[in-house]
Amino acid sequence: MKNNGHKSTSPVTLLPKCPTGIQGLDEITGGGLPRGRPTLMCGGPGCGKTLFAAEFLVRGAVQFGEPGVFMAFEETEAELKANVASLGFDLAGLVRRKKIAIDYVRIERSEVQESGEYDLEGLFVRLNHAIDSIGARRVVLDTLEALFASLPNEAILRAELRRLFRWLKDKGVTAVITAERGREQLTRHGLEEYVSDCVILLDHRVNEQIATRHLRVVKYRGALHGTNEFPFLIGAEGISVLPITSLGLNHKISAERIATGIPRLDAMLGGRGFFRGSSILLTGTPGTGKTIVAANFAQAAARRGERTLFFSFEESPNQIIRNVHSIGLRLEPLVKGGLLRFHAARPSLYGLEMHLATMFKEIIAFQPDVVIIDPITSLMDAGTASECRAMVTRLVDYLKAGQVTTLFTSLTQAGHSLQQSEASMSSLMDSWLLLQDFEGNGERNRVLYVLKARGMAHSNQIREFLISDRGIDLVDAYIGPSGVLTGAARVAQTAREKAEALASQQEAARRQRELKRKRVALEQQISGLRSEHEASAEELRQIDEQVGTQTRLLTTERTELGRLRQADVSLPMGIGSARGNSKPKSKR
Amino acid sequence: MKTKKSSASPRQPAKLWQLRLYVMDTTPKSETAFANLKKFCESHLKGRYRITVIDLLKRPHLAKGDQILAIPTVVRKLPKPVRTILGNLSDTERVLVGLDLRPAG
């Protein structure tokens, strides 16, 4: 919390306080207005003084059992009743039940003449009578300064007012005195001089055509109070002051995780999705699918039976339902089943504070488990940067305190640095997803990063984000030497790789086949040679045989011849020896 | 409540003036106012006025009806329109203006 004025822990104080019941005011003042003392509420025309005062009385009568007197100097009783009826207060009924007394004081200067001394005892009598008639504990004087216009003698009036405030204190009523704001002073007639216990300043400013009301506790004697300007608004259920600083950083923390509706995204977020009660920022340039991610999350949550509230500031509910239908999300049955609720409003419809109040009201009424705000940046146009930051802070704090998981989508204008423009908001967020366009190859492709996810291990990788009629898919983007490839380029790259693999496979097969063929050829060669070898061996054998036969035949022939010639018996001898031996034998 | 009646004057048309004097208690201030008013009526409206004195201490609820803030206050109920004079009526000139008795110009 940056602008710290309010101490959240109120110290021991002797000053008793009177709770106003007005949302937020009691937090700023540490319990309410000073009890038994007058409080001055000043502001310009149309800043809500009368309504503040009226709510103080009505809440006192209804919530705290303290009847009140409304002394009106500007509006008649009938007008007053009609005016506060717009805040849902039944003033007429309270008057009937004697919880509130209204006294309309009117003096027309043209009908009045002064002659000699007088005092305002009549006013005291009337006030006293009204207080006693219902046992009032609270008094509103709205607007006392009207007396300055109707009573000519200012000296008497001032003396009597001083006496009046003294008298109110003695009476022990808690009073609210409204006054017009002056040029140099807080009030036009210097009433702050008399009311010194508590002064609240209301202001109505128009900033860039958007009006916002502010409240500031200028002075609160004897008590610590927030000194900042707090925006407040007048809604259908009364006034709510929105103290930024009254919220602390002490939410209950859940370790439960909830799925995002996109399994691959869950995987990126440590496998289990977001923490329950965390705030998630989803930034992206136009057309990157923020609403689709949000719708996916909404569907997943509602299907789990969680109450989901979808604030749409750009599209009508029906348009969202129709659009996401085309990617296979069926939100309509969930809406009909009461688990999913849409709230759509144009950002420029009213000021930031009004939006915030409306959102608070919706949230209180619906009691959601999951809130989606699509997109938060639309609301940013409804106020200044610091106001917006304060508003988002309040919203985040409020939702976290209620353990509501919140997804904010945020539109980043193309051309701006994504991180920079969201930096102020992102520090409030627990998780930050970034959707981005990748342009190239004549196409745009969506990618998703997890920029931050407090308290969980998360993927640091880029994922390509595909939207098809079956929903969202996240695929690994191709990361190669030439950078990140997405879309057709990624597909082409994959195909190229596939083709290369196929080609090398084919090459290997071809070489295998060739080698096989070579081997077969060699084997054939080998077998040819072998058969040749066998053939020659056979021939050799045949030759051998032939020779043997011839020899035998020759021997046989010679033996036959010898026998015929009656040669020696040395037949078994060879042909040669037989032939050579025949003659030397005879010589010996 | 004290009431004083006077018979109609023969010179002027019978137009009854109804005056209310609001006071708080019987203080010197209210006594002075009553005396002044009576003196004034005697000299200007002799015989055709009626003064009703209302003590707001006893009847505080009557203050609302005539929009009384100041004490003392004289309210001319009749003739219409209603006129109001604040103060103890020590300034006769102003009372004449206030009660519209001074002829125009």
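Values below: every heavy atom of this structure, side chains too, minus hydrogens, waters and symmetry copies. Numbered from 1 within each chain, the chains take letters A, B, ... in sequence-line order.
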Applied to residues 46-71 of chain A, the side chain to side chain donor-acceptor pair (under 3.5 Å) test, sequence neighbours excluded, yields A/R35-A/E66, A/K49-A/E180, A/T50-A/D142, A/E55-A/R59, A/E66-A/R138

Counting only heavy atoms not in A/K99, do more than 12 fall under 6.0 Å of its NZ? no

Locate the shortest heavy-atom distance separating A/A179 from A/L40; write the atom from each residue and the value. CB-CD1, 3.9 Å

Which residue is it: A/K219, A/K17, A/K169? I am looking for the one with a salt bridge (charged side-chain N to carboxylate O under 4.0 Å, His left out) to A/D197. A/K169

Atom pairs (donor, acceptor) spanning chain A and chain B, under 3.5 Å:
from, atom 1, to, atom 2, distance (Å)
A/I102, O, B/K64, NZ, 2.9
A/Y104, O, B/Q67, NE2, 2.7
A/R106, N, B/Q67, OE1, 2.7
A/E111, O, B/T84, N, 3.0
A/Q113, N, B/T84, O, 2.8
A/Q113, O, B/L86, N, 2.6
A/S115, N, B/L86, O, 2.7
A/S115, O, B/N88, N, 3.1
A/S115, O, B/L89, N, 2.8
A/S115, OG, B/D91, N, 3.1
A/S115, OG, B/D91, O, 2.9
A/E117, N, B/N88, OD1, 3.2
A/E117, O, B/N88, N, 2.8
A/D119, N, B/I71, O, 2.8
A/D119, O, B/I71, N, 2.7
A/D119, OD2, B/K29, NZ, 2.7
A/G122, N, B/L69, O, 2.7
A/L123, N, B/L69, O, 2.9
A/R126, NH1, B/Q67, OE1, 3.1
A/R126, NH1, B/I68, O, 3.1
A/R126, NH2, B/Q67, OE1, 3.2

Can you give me the closest heavy-atom contact between A/G21 and A/D26, atom names plus distance? N-OD2, 3.0 Å

Check A/V140 against A/A53 and note the closest heavy-atom contact, atom names and distance. CG1-CB, 3.4 Å

Is A/I156 close to chain B through its backbone or its side chain, or both, or neither, when contacts mean heavy atoms under 4.5 Å? neither

When the 4.5 angstrom heavy-atom criterion is applied to A/I107 and chain B, the contacting part is side chain

Kindly say whether A/L191 contributes a backbone atom to a donor-acceptor pair with the side chain of A/T187 at under 3.5 angstrom? yes

Under 4.5 Å from any heavy atom of chain B - which part of A/L127: neither

